[in-house]
Structures are given as C-alpha cells and as structure tokens.
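Quantities reported herein were computed from a predicted structural model and do not represent experimental measurements.
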Amino acid sequence: MTTVTFDTHKFIRRLEAAGFESRQAEAVVGAFSEAQQKAEVATRLDIERLEAKLDARFERVDGELRLNRWMIGVLLAGVASLVLKAYF
C-alpha cells in the first residue's frame with residue numbers, strides 16, 4: 001500500500017476558520033496524520049493492479065470452463081453413440 005498525503009497546513013487553516021483554536025487545530029491534524037499513517041488505505045493504483053490480476057485469473061478460468069464444456073460434449077456424444085449402437 002502506498003501513503004496518502006494531504007496538505008496539513010490547509011487542513012489547520014480550515015479548522016481555524018471553523019472556530020478551532022490554533023492549538024486545537026494542530027492537535028486534530030496531528031492525530032489525524034498519525035491515524036492515517038497507521039491505516040492501510042488502498043489507492044486508485046492499488047485497486048487498478050488488483051483489477052488487472054483478477055481479470056487475468058477470470059480469463060484463465062473462462063478458458064478452462066470452455067475446455068470443460070467441450071470435453072463434456074464429446075463425452076456425452078460418445079455415450080450417446082454407444083447407447084444407440086447397443087439398441088439399434
């Protein structure tokens with residue numbers, strides 16, 4: 001996972017504009033920054049990589065399912081021909 005950055009100074013100014021005192025705003029931003037660093041947040045790039053991996057796996061599974069359908073079709077045709085040969 002990658003680190004998500006944000007403008008702490010802008011965040012402090014916004015809190016002060018909302019009525020926080022300077023020390024309170026700095027404490028909130030510090031706590032938020034610390035919590036954010038400990039959290040594992042997925043970025044857009046992380047999600048795109050995961051999507052690419054899943055797409056590759058689904059393509060492989062889809063190919064295997066197609067092969068299995070062909071094999072079952074051939075097997076059923078063989079069984080049907082044996083049944084027809086036995087009775088006709």
Side-chain angles (χ1 to χ4, degrees):
M1 298 280 176
T2 55
T3 304
V4 178
T5 58
F6 69 100
D7 187 357
T8 56
H9 184 64
K10 183 178 177 181
F11 193 19
I12 289 171
R13 287 186 315 202
R14 189 175 217 172
L15 290 174
E16 289 173 343
F20 279 74
E21 293 179 14
S22 180
R23 286 182 34 210
Q24 289 175 323
E26 289 176 9
V28 168
V29 171
F32 184 78
S33 295
E34 186 178 321
Q36 188 181 31
Q37 288 173 357
K38 290 181 181 179
E40 291 187 23
V41 179
T43 63
R44 182 176 290 140
L45 183 60
D46 294 329
I47 293 171
E48 288 173 357
R49 287 178 184 159
L50 179 62
E51 284 178 342
K53 287 180 184 179
L54 288 175
D55 286 343
R57 284 186 182 180
F58 281 128
E59 286 177 17
R60 190 185 77 225
V61 169
D62 187 47
E64 290 174 3
L65 287 174
R66 253 188 253 129
L67 176 64
N68 287 342
R69 277 189 241 135
W70 273 100
M71 291 170 59
I72 289 173
V74 169
L75 179 69
L76 288 176
V79 169
S81 68
L82 291 175
V83 169
L84 290 172
K85 183 179 179 182
Y87 290 106
F88 295 104

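Going from atom NZ of K53 over to atom CZ of R57 covers 8.0 Å, rounded to the nearest 0.5 Å. Of the inter-residue distances, the one linking I47 atom CD1 with L54 atom CG reads 11.5 Å to the nearest 0.5 angstrom. Note that the CZ atom of F58 and the CG atom of L65 stand 11.0 Å from one another [nearest 0.5 Å]. To the nearest 0.5 Å, atoms CG (D7) and CZ (R14) are separated by 11.0 Å. The distance from the CD atom of E16 to the CZ atom of R13 is 9.5 Å, given to the nearest 0.5 Å. Note that CG of D46 is 11.5 Å distant from CD of E51, once rounded to the nearest 0.5 Å.
In this structure, the side chains of Q24 and L15 stay at 4.5 Å or more apart for every pair of heavy atoms.
Summarising the local packing, CD of E64 is surrounded by more than 12 heavy atoms from other residues, nucleotides or ligands at distances under 6.0 Å.
Residues L82 and Y87 are members of separate hydrophobic clusters, defined by side-chain heavy-atom contacts under 4.5 angstrom among Ile, Leu, Val, Met, Phe, Trp and Tyr. Clustering ILVMFWY residues whenever any of their side-chain heavy atoms sit less than 4.5 angstrom apart, transitively, puts V79 in the very cluster that holds L84.
Residues S33 and T8 approach most closely at OG-CG2, 3.9 Å, considering heavy atoms.
Salt-bridge formation is not detected for the pair E48/R44: no Lys NZ or Arg NE/NH1/NH2 atom is positioned less than 4.0 Å from an Asp or Glu carboxylate oxygen.
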